[in-house]
Q: 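Sending over a structure as structure tokens; questions will come in a sec.
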There are 2 protein chains.
Amino acid sequence: MRVSQRTEYGVRAMIALARDFDEVISIKELAERESMPETFLEQIMSDLRKAGLLKSVRGPNGGFRLKDAPSEITIGRVIATLEGSLSPARCGSDCSKQDGCSTRSVLDRIERAITETLDGIYLKDLVGDLAHE
Amino acid sequence: MRVSQRTEYGVRAMIALARDFDEVISIKELAERESMPETFLEQIMSDLRKAGLLKSVRGPNGGFRLKDAPSEITIGRVIATLEGSLSPARCGSDCSKQDGCSTRSVLDRIERAITETLDGIYLKDLVGDLAHE
DNA sequence: TTATACCTGACTAAAATAGTAAGAATAGGG
DNA sequence: CCCTATTCTTACTATTTTAGTCAGGTATAA
């Protein structure tokens, strides 16, 4: 049930961008600041852009910025984008195992709890975090 | 953030045992009922036993039964056993990345939500589930 | 003593993860 | 117009995790 490194990098990047909301920051800069592998981050940023969470600027002095204000982007949206979904389930809701779905009920409840938690956390809420608080 | 097949099998097995709480059921029987791979299930049951969730009976007519009543075993305990932990974090709380831990705060909140949810669900609550309810 | 079941550890194939690498497209500055 | 900084895209690779299988040992009821 762990979150992937990929997702963690993505979240860190989003928070970093929220911190300097008005600036365009390049992947190189971001990768250095947060010590994340540059080319890997490149892929991740690309996905976040395709999902409509980021705007990109190409060419020299280019980079990325948040598409919306940090007060409007939830962590739930970020993680769901990177992780594909917030559901811990392995089968879709079409799951039709004989009886197999008492577990389904459990997984659905987990999903609900995660969703509710993460949809209540906005990027702006995390900008201040500099350590274990 | 998905739950492993292993964990799902384990949960299914625990629920099945809760359903026939007073009986000793063999792995073979369990595997057939729930159509799970027998030898794989064997490993899983072994871990659940080592964790103190199951009692085993060896020899002919042997098998497994819950160690405690279905009203006393939470799904949280089952999943934490099988999954190692309920935390989605990849690093321990010793994590000391430069700044890396605004994500930590997020992951801790997820864990809290999951834990609270799953520690409130007992096996007995799931025994009735036969389909998508 | 034999069959049945648990127990243990080693092994394997397939999938997911965490990257790398290489090049094309775009845009700003000289 | 050309050079360079940057994003964009796709393909590749190594490592780890997952989902099992398999072979053999151990306890016990009949």
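Here is how names work: the chains are called A, B, and so on, in the same order as the sequence lines, proteins then strands, and each is numbered from 1. Given the structure is predicted, the values throughout are model-derived calculations rather than measurements.
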Q: For A/Ile44 and C/dT17, what is the distance between atoms CD1 and C1' respectively, to the nearest whole Å?
A: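 Computing the A/Ile44:CD1 to C/dT17:C1' distance gives 11 Å.
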Q: Decide, yes or no, whether a salt bridge links A/Asp108 with A/Arg112 under the criterion of side-chain N to carboxylate O below 4.0 Å.
A: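 A salt bridge is absent here (no side-chain N lies under 4.0 Å from a carboxylate O).
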Q: Taking CG from B/Leu82 and C1' from D/dT18, how many angstroms apart are they, rounded to a whole number?
A: 14 Å
Q: Could you work out, with side chain to side chain contact (heavy atoms under 4.5 Å, CB included) as the rule, every residue matching B/Thr7, not counting sequence neighbours?
A: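 For B/Thr7 the side chain to side chain contact (heavy atoms under 4.5 Å, CB included) partners, ignoring immediate neighbours, are B/Val3, B/Ser4, B/Val11, B/Ile79, B/Leu82, B/Glu83.
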Q: CD of B/Gln5 versus P of C/dA14: gap in Å, rounded?
A: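 Roughly 17 Å, once rounded to whole Å.
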Q: Given atom OH of A/Tyr9 and atom C1' of C/dT20, what is their separation to the nearest angstrom?
A: 13 Å
Q: Can a side chain N or O of B/Ser4 be found less than 4.0 Å away from OP1 or OP2 on D/dT18?
A: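 Indeed not, no polar side-chain atom of B/Ser4 lies that close.
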Q: Return each pair, listed once, that meets ring pair (Phe, Tyr, Trp, His ring centres under 6.0 Å) where at least one residue sits in residues 10-67 of chain B; pairs must be two or more places apart or across chains.
A: B/Tyr9-B/Phe40
Q: With sequence neighbours left out, what residues match A/Glu29 under salt bridge (charged side-chain N to carboxylate O under 4.0 Å, His left out)?
A: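 Partners of A/Glu29 under the salt bridge (charged side-chain N to carboxylate O under 4.0 Å, His left out) test: A/Arg33.
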Q: If I take atom CD in residue B/Glu29 and atom C1' in nucleotide C/dC6, what distance separates them, rounded to the nearest angstrom?
A: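 Nearest whole value for this atom pair: 16 Å.
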Q: Can you name the residues that form a salt bridge (charged side-chain N to carboxylate O under 4.0 Å, His left out) with B/Glu116, not counting sequence neighbours?
A: none
Q: Please report, rounded to the nearest Å, how far the P atom of C/dT17 is from the CE atom of B/Met1.
A: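 Taking CE of B/Met1 and P of C/dT17, I get 13 Å after rounding.
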Q: Quickly work out the A/Phe40 CZ to C/dA16 C1' distance and round it to whole Å.
A: 11 Å
Q: Would you give a per-nucleotide map of nucleotides 3-14 of chain D, 5' to 3', where B means the base has a protein non-hydrogen atom under 4.0 Å away, S means only the sugar-phosphate does, and - means neither?
A: -BBBBBSBB---
Q: Can you tell me the distance, in whole Å, between the CG atom of B/Leu48 and the P atom of C/dC6?
A: 14 Å
Q: Can you run down the side-chain hydrogen bond (donor to acceptor under 3.5 Å, both in side chains) pairs that involve residues 58-78 of chain B, sequence neighbours left out, and say none if there aren't any?
A: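 Counting only pairs at least two positions apart or across chains, no side-chain hydrogen bond (donor to acceptor under 3.5 Å, both in side chains) contact touches residues 58-78 of chain B.
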